[in-house]
S.K.: 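Got a structure for you, written out below as structure tokens; questions coming shortly.
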Amino acid sequence: MPATVPPAVDDIAGPPTSVSFDAVYDQLKKLASRQLTHGAHNTLDTTALVHEVYLRLDGGRALAFEHPGQFFSYAARAMRHILVDRARGRMRQKAGGDWVKVTFTANAEAQPAIESAEQALALEEALLKLEQTDDRAARVVELRYFAGLTPEQIADVLKVTRRTVDRDWRYARAFLHAALE
Amino acid sequence: MIEPAPNQRDLFEAALALAPEQRAAWLVEHCSDATQRGAIERMLAADAGAHMLDHSFDALLDDIGQAEVVAPTTGLRIGPFSLLEKLGEGGSSIVFRAEREQAGVKQAVALKLLRRGLYTADEQRRFRDERRALTQLRHPGIARLIEGGLTDTGMPYIALELVEGEPITAHARNRQLDLRQRLDLFVHVCRAVEAAHRALIVHRDLKPSNVFVTHDGDIKLLDFGIAKLLDADARGDDTRTLHVPLTPAYAAPEQFAGGQITTATDVYALGILLDEMITGQRREHGDSRTPSSRISENTARGELPASPKAVRRQLRGDLDNIVIKATTPEPDRRYASAGSFADDIERHLAGEPVGAHPPSPWYRARKFVGRHRGGVITSALFVLAIVAALAMAVWQAQVARREAHRANEQATRAERVKDTLVSLFSGLDPDVPPEKRPTLEQIFEKGIAELRADAAIEPALRVELLSIAGHVLHRLGQHQRGLDLAGEAVAVGETRLPPDAGPYLTAVATLSHLDFYEGRLDLAGARLGSVLDHAGGEANANSGQMDILIELASIARTRGDLKQAVVHLERANAMYDRLQPGQFDDRAFAIRGELAYTYAQMSRYEQALPMERALVDEAVRRYGREHETSARFMGDLGECLTKLGHWSEALGLLESSGDFLRKTLPAPNPSFSNWLFGIGWVFADQELWQPAERVFGDADAIMIARFGADFPLAFGPRAWLAESWTQQGRAEQARAELERMLALQLALKQPNARAIAMLRLPLGRALLKLDRPEPARAYAEQALATFRQLYGEENSRNIEPLALLARSLAATGAHDEAMTAAREAEKIAGASFARGNSARVRTALLLGDVQRKTPGEAGNHYRAAIDEAAAAPERPLALLIEAHQGLVDMASAAGNSAEAQREQAAVQGLRREFDAKARDAANQLDAWLTHGPAYK
């Protein structure tokens with residue numbers, strides 16, 4: 001167990017045994033620190049943000065995982081939400097309806113950010129469609145794209161063969177790309 | 001045949017397997033739908049190309065960037081306020097000093113602008129509701145919420161009392177407060193929090209920056225309840241997302257775990273705050289060391305209330321324990337309120353013993369071993385158990401309410417308990433008016449939904465809880481829903497539990513019980529039988545097997561197979577005694593109540609009596625005398641006592657249960673009929689036919705009022721009423737009515753053999769009195785055959801038809817046959833009852849009556865009857881009169897006038913005694929029935 005895992009996780013979820021847990025955790029942590037550098041949330045520290053990310057996992061309920069695979073699923077779901085949330089924020093700013101003025105912190109140019117946001121929202125929409133026709137393929141996308149798991153790890157989480165994961169991914173990738181065109 | 005349209009994915013994958021140049025032609029051939037073909041072609045193209053999914057997700061996130069809100073500049077108007085200067089900025093809000101002008105007066109406020117918009121109508125409504133509750137929170141130690149609102153674009157703002165001061169930790173440091181001063185100050189914080197808790201508002205985010213000390217040294221708590229105000233989803237939406245970043249160092253474990261936020265959550269944060277104030281450092285999340293052991297030599301001067309060494313000494317013991325208690329991970333082990341937290345600190349300051357103790361080793365071990373999971377299960381079980389018990393109480397109250405105005409008090413109490421539980425379960429919602437609180441059924445459904453959603457609940461417990469839920473819902477009148485849940489419990493048990501598992505068997509018993517109530521006896525019986533076959537027998541006896549046996553017994557009893565019912569119940573009772581010796585829980589009530597009742601129905605009163613007594617004792621101990629259950633068992637015990645000759649005791653019990661019934665039930669009610677029936681038996685057994693006629697008459701009137709005069713299932717009291725006519729010289733009236741009832745009973749599609757026999761006996765006795773021994777003999781034989789079949793050859797029920805048979809035969813001159821029947825009756829009575837029992841006295845009299853032609857023999861039997869009567873619990877005066885009268889007759893027949901006179905004197909003495917007793921009984925009964933609440 002690396003010392004970086006915050007006690008809250010250790011306390012509640014029980015000690016995660018898989019090495020991949022650390023990978024996902026690191027990714028969450030990376031995300032959090034990026035949010036810190038980009039944002040002006042000067043009252044929050046990195047730990048707080050990592051906690052926030054954890055708390056977004058279904059309001060913290062999901063921390064009592066039945067098996068490690070569940071954690072990845074939730075983590076991927078959380079990442080997906082974060083992307084959508086952020087994209088929506090960007091789009092709101094574009095609409096200019098809010099009383100707050102918005103500036104950009106990540107990119108000097110506003111336009112690429114808005115395009116990326118539009119892309120993210122289109123991806124979300126396509127993923128919702130894919131979920132309706134092929135839920136498992138959608139989960140493969142979540143685990144691979146949002147949680148950064150390898151095909152082997154995905155096969156392990158979903159309890160299917162590596163070959164099935166590859167097929168699902170290829171189909172999902174083509175489906176989403178076609179939908180995004 | 002039409003081929004099903006090929007699946008898009010199958011087509012895609014099949015085409016992909018081909019060489020790229022072959023794909024178009026293949027698709028035209030295999031996919032006739034042009035739209036679908038287009039989609040697949042696009043997918044095939046996409047497969048070949050580059051794709052955003054090939055890049056990292058992080059990159060896309062980076063590209064979007066953070067849409068950063070920047071505070072509007074000074075002068076901007078938000079609602080009625082104009083912004084003056086930025087005071088601070090947090091993760092979810094920006095705070096401005098702002099002011100508004102009202103009637104020429106300028107009011108300065110702290111205006112909090114939330115970053116997060118509230119876009120849906122629901123979110124906005126919740127914001128307004130919450131705000132309304134907070135506006136009403138007034139306490140000198142709490143910064144007031146002045147106003148709040150939404151801008152035109154849905155962005156929320158809150159105007160708070162402007163507080164000039166500094167955070168409590170900075171104050172303590174800057175003023176160099178000593179430990180006592182710090183504790184004094186902290187007590188004031190607790191008192192303010194306590195006031196908010198009394199208004200049912202939880203802070204949720206207590207931390208130094210929210211606990212201010214003004215320049216005058218007064219405590220002001222900021223942002224009370226704001227965390228919930230911001231957390232628009234906190235009211236239990238499905239998608240619970242916490243939009244409010246917590247301050248992890250002060251957040252209680254339940255806030256991370258998505259548990260219930262209660263006042264104990266604030267107690268935790270207060271504990272961490274106290275820790276920080278007395279150690280000079282914020283405790284790291286998860287650090288469970290005592291405050292004294294964390295005092296470091298390196299702590300900057302001014303942070304600590306004294307020197308490190310001195311502080312360590314001051315904290316060790318009481319203060320360590322107080323902080324540990326306040327910050328226990330389990331909410332229910334913390335201080336019950338901010339007030340009791342403050343009390344403990346004041347006790348410490350006064351040098352009194354504090355309430356906090358170091359945690360026991362057992363507690364620490366338990367905490368270490370799977371704390372979380374166990375907690376979830378225990379609480380789920382606890383909640384369901386309480387709700388189940390409560391559902392019963394409310395159900396009973398509802399029934400009572402329908403039937404009696406006097407039950408109002410009980411119903412009110414149940415409502416009050418319900419309200420308390422509702423507030424417990426739904427968290428602290430100050431603004432939910434009572435009429436909008438969830439109904440019991442809603443709470444119950446919520447419990448069931450949580451049970452279904454909680455994957456951590458193991459199958460055995462799940463099965464158990466589902467059965468309870470099914471049973472309770474059925475009792476609440478939702479029959480199909482109850483059956484569904486019980487069915488689900490059985491299905492889960494079948495797949496997830498071994499066939500001999502107690503919870504599974506109990507679930508099957510529950511389902512069968514409900515089926516039984518729905519009239520599906522065959523289905524229920526078959527299911528129970530087959531499950532019991534695989535339950536592992538005596539070697540694997542468990543509560544589930546007992547439950548199965550109880551249900552099998554009630555089915556057998558309903559079918560009239562009392563012998564089989566007794567077999568099941570005796571087996572269950574033996575199991576219970578072996579597994580739970582000396583105990584008397586609900587299951588024991590069920591088993592023994594049924595068993596005693598079945599014994600009594602089989603006239604096995606000697607066996608029933610001790611059991612009935614134990615049941616009454618236990619019921620009275622549990623529920624008091626004035627309770628439905630106690631009254632029911634008292635009635636059963638009364639019947640037993642009557643049949644065993646303890647008439648006074650029986651009457652006392654019946655009086656007691658009658659008082660309760662008359663207080664609770666409105667008249668007329670069939671329950672009173674049963675009660676009157678019981679009283680009638682006490683009199684009938686003593687041959688006190690006048691008072692017996694009165695109560696049987698009342699009982700019959702109640703049944704007629706409810707069911708009409710021709711309803712065969714309600715004939716019980718009238719058969720006995722007719723008997724009292726016969727015994728008082730109105731045999732012809734009795735014969736007519738009994739024949740009418742018998743005809744109606746026989747005309748039923750499914751005539752009840754036992755009921756028919758119970759009519760044939762008094763009819764036979766009436767006919768015998770009318771000197772028609774032949775039809776009397778026929779009825780006696782028919783009744784005897786029925787009883788033999790129902791209860792067995794040696795059952796005491798057979799005494800009555802045997803006696804009638806013997807007397808009818810004797811009347812026709814068939815002396816030998818009469819003697820055979822009488823001797824059989826004597827044999828059964830001797831085997832069934834203890835010495836002195838009226839049945840034994842009666843069979844002795846019978847033997848005498850049948851042998852009147854041989855006075856010597858008859859006299860011996862009459863004397864035997866008198867001997868027997870001497871051993872009776874109460875003197876059977878009427879039987880003694882008969883016996884002595886018999887001796888008078890036999891002495892006269894033998895020409896022994898001296899003895900005849902002696903016996904005649906005895907008869908006269910007994911008659912006076914009996915007449916006096918009959919008068920007393922009639923008067924007592926009259927006083928009893930005339931006064932008090934109506935029963936008919």
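Convention: sequence-line order gives letters A, B, ...; per-chain numbering from 1.
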S.K.: Heavy-atom cut-off 4.5 Å, strictly under: side chain, backbone, both or neither for Arg167(A) against chain B?
M.R.: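 Contact with chain B is through both the backbone and side chain of Arg167(A).
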
S.K.: Between Asn210(B) (side chain only) and Asp205(B) (backbone N and O only), is there a donor and an acceptor less than 3.5 Å apart?
M.R.: yes

S.K.: What part of Leu176(A) gets closer than 4.5 Å to chain B, counting heavy atoms only: side chain, backbone, both or neither?
M.R.: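 Its backbone and side chain both get close to chain B.
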
S.K.: Which residues pass the salt bridge (charged side-chain N to carboxylate O under 4.0 Å, His left out) test with Asp47(B), sequence neighbours left out?
M.R.: Arg170(A)

S.K.: Hey, could you give me the CG/NZ distance between Asp223(B) and Lys112(B), rounded to the nearest 0.5 Å?
M.R.: 3.0 Å

S.K.: What residue, out of Arg9(B), Met43(B), Glu41(B), has the most heavy-atom pairs lying under 4.5 Å from chain A?
M.R.: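 When all of Arg9(B), Met43(B), Glu41(B) are compared, Arg9(B) has the most.
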
S.K.: Using heavy-atom distances under 4.5 Å, tell me whether Leu16(B) contacts chain A through its side chain, its backbone, both, or neither.
M.R.: side chain

S.K.: Looking at CD1 of Ile154(A) and CG of Leu143(A), how far apart are the two atoms once the value is rounded to the nearest 0.5 Å?
M.R.: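 That separation rounds to 5.5 Å.
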
